[in-house]
Number of protein chains: 2
Amino acid sequence: MTDRLSVIFAALADPTRRAILARLAEGEATVTELAEPFDISLPAISRHLKVLENAGLISRSRSAQWRSSRLEAGPLREATAWMERYRRFWDENFARLDAHLKRLQEEKP
Amino acid sequence: MTDRLSVIFAALADPTRRAILARLAEGEATVTELAEPFDISLPAISRHLKVLENAGLISRSRSAQWRSSRLEAGPLREATAWMERYRRFWDENFARLDAHLKRLQEEKP
DNA sequence: CGGTCATTTAACCCTCCCGTTAATTAACGG
DNA sequence: CCGTTAATTAACGGGAGGGTTAAATGACCG
């Protein structure tokens, strides 16, 4: 699980972390501010932040004793870029057309 | 980790599973066909398929002793829909503009 | 300097994930 | 039937993930 995309998806696979990202979309925040809505300990939040930072989804800056986190959406762009390859499968119409074309192609030879 | 989105992202967080999806984009395939490119045992593949099925990313049909898998991209649409909320952060220009507007707003009052 | 606040690290659980091999189920074909 | 092929289930092990509490770090402040 050492590849970049896996790390990104794994980071997103936790509701707490996604909620943290949602919060950061409204602006930077410190660890305690981020922890406030959740019913889990501060060390747990601290680790979630480390996971997000590791995935490149946030960056962190320290000023005095506060460390504020900042949303970095670049990895999300990478993730959607990967999914983009499958976009044609989302469209029912395309799927039906595609199946139809495949059937034709198999009947030909 | 019971929510739908988490299950989807978790399923995508494995390179083998993403490779299986890529293979299925070219058409249905049986378990042994899907296992062929990988250096892992058949039971392992079988479980990966169960994870993908659980996430709704594939559907399966049985004909005789073969069980073929079929790509279902619906969940990918859901996942990108979630990420879509952050699209504005991908664009550097927007980010700079956004920061600028925020600065203005803070200077006002 | 001593206290206090913000955050991280350490140490420890427990559960889930990914892999293995061995055994089991299911269906076909002589 | 029996053997073969396809796939899953069972049982196990190692390691990662998410949580906890207690202790350590770092920076402000009186």
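Just so it is clear: chains get the letters A, B, ... in the order the sequence lines come, proteins before strands, and each one is counted from 1. We use all heavy atoms of the structure for the numbers below, so side chains are in, but hydrogens, waters and symmetry mates are not.
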Report task. Can you sort out the partners of A/R85 under salt bridge (charged side-chain N to carboxylate O under 4.0 Å, His left out), two or more places apart, ordered by chain and number? Result ->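 Here no residue qualifies.
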First locate atom [atom1] of [X], then atom [atom2] of [Y], and finally report the distance between them rounded to the nearest 0.5 Å.
{"X": "A/T30", "Y": "A/Q65", "atom1": "OG1", "atom2": "CD", "result": "10.5 Å"}
{"X": "B/R47", "Y": "B/L52", "atom1": "CZ", "atom2": "CG", "result": "14.0 Å"}
{"X": "A/R60", "Y": "A/I58", "atom1": "CZ", "atom2": "CD1", "result": "5.0 Å"}
{"X": "B/I45", "Y": "B/T32", "atom1": "CD1", "atom2": "OG1", "result": "10.5 Å"}
{"X": "A/I20", "Y": "A/E33", "atom1": "CD1", "atom2": "CD", "result": "12.5 Å"}

[X], nearest nucleotide to its side chain (from [options]):
{"X": "A/R67", "options": "C/dG19, C/dT7, D/dA7", "result": "C/dT7"}
{"X": "A/I40", "options": "C/dG19, D/dT20, C/dT7", "result": "D/dT20"}
{"X": "B/R17", "options": "C/dC18, C/dG19, D/dT20", "result": "C/dC18"}
{"X": "B/H48", "options": "C/dG19, C/dT20, D/dG19", "result": "C/dG19"}
{"X": "B/T30", "options": "C/dT7, D/dA7, D/dT20", "result": "D/dA7"}
{"X": "B/S41", "options": "D/dA27, D/dA7, C/dT21", "result": "C/dT21"}

Report task. Indicate whether OP1 or OP2 belonging to D/dA6 is found under 4.0 Å from a side-chain N or O atom of B/R60. Result ->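 Indeed not, no polar side-chain atom of B/R60 lies that close.
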Query raised in the report: Do the side-chain N or O atoms of B/S46 get closer than 4.0 angstrom to the phosphate oxygens (OP1, OP2) of D/dT8?
Result: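 Looking at the OP1 and OP2 atoms of D/dT8, one of them is under 4.0 Å from a side-chain N or O of B/S46.
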Distance, rounded to the nearest Å, where [X] contributes [atom1] and [N] contributes [atom2]:
{"X": "A/F9", "N": "D/dG17", "atom1": "CZ", "atom2": "C1'", "answer": "19 Å"}
{"X": "A/I58", "N": "C/dT7", "atom1": "CD1", "atom2": "P", "answer": "12 Å"}
{"X": "A/I45", "N": "C/dT9", "atom1": "CD1", "atom2": "P", "answer": "15 Å"}
{"X": "B/L34", "N": "D/dA6", "atom1": "CG", "atom2": "C1'", "answer": "13 Å"}
{"X": "B/E33", "N": "D/dA6", "atom1": "CD", "atom2": "P", "answer": "10 Å"}
{"X": "A/D14", "N": "D/dG18", "atom1": "CG", "atom2": "C1'", "answer": "8 Å"}
{"X": "A/D3", "N": "C/dC18", "atom1": "CG", "atom2": "P", "answer": "13 Å"}

Query raised in the report: Honestly curious: do A/L57 and B/F89 fall in one hydrophobic cluster under the side-chain, below-4.5 Å linking rule?
Result: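 Yes, same cluster.
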Query raised in the report: What is the nucleic acid contact for A/L42, judged by heavy atoms within less than 4.0 Å: base, sugar-phosphate only, or nothing?
Result: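 Base, at least one base heavy atom under 4.0 Å.
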Query raised in the report: Tell me, which of residues 49-57 of chain A have any heavy atom that sits under 4.0 Å from an atom in DNA chain C?
Result: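 Hits under 4.0 Å, by residue number: A/K50.
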Query - Test log, rule salt bridge (Lys or Arg N to Asp or Glu O under 4.0 Å), inputs A/R87 and A/E84 - result: CA-CA 5 Å; A/R87 179 176 287 275; A/E84 206 56 36; 2.3 Å; yes
Query - N/O donor-acceptor pair, side chain A/R47 with base C/dT7, under 3.5 angstrom - result: no
Query raised in the report: Partner of C/dG29 by Watson-Crick or G-U wobble geometry, both contacts under 3.5 Å, or none?
Result: D/dC2
**Report entry** Closest-nucleotide 5' rank along DNA chain D - winner of A/P43 and A/R62
**Finding:**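 Between the two, 5'-proximity favours A/P43.
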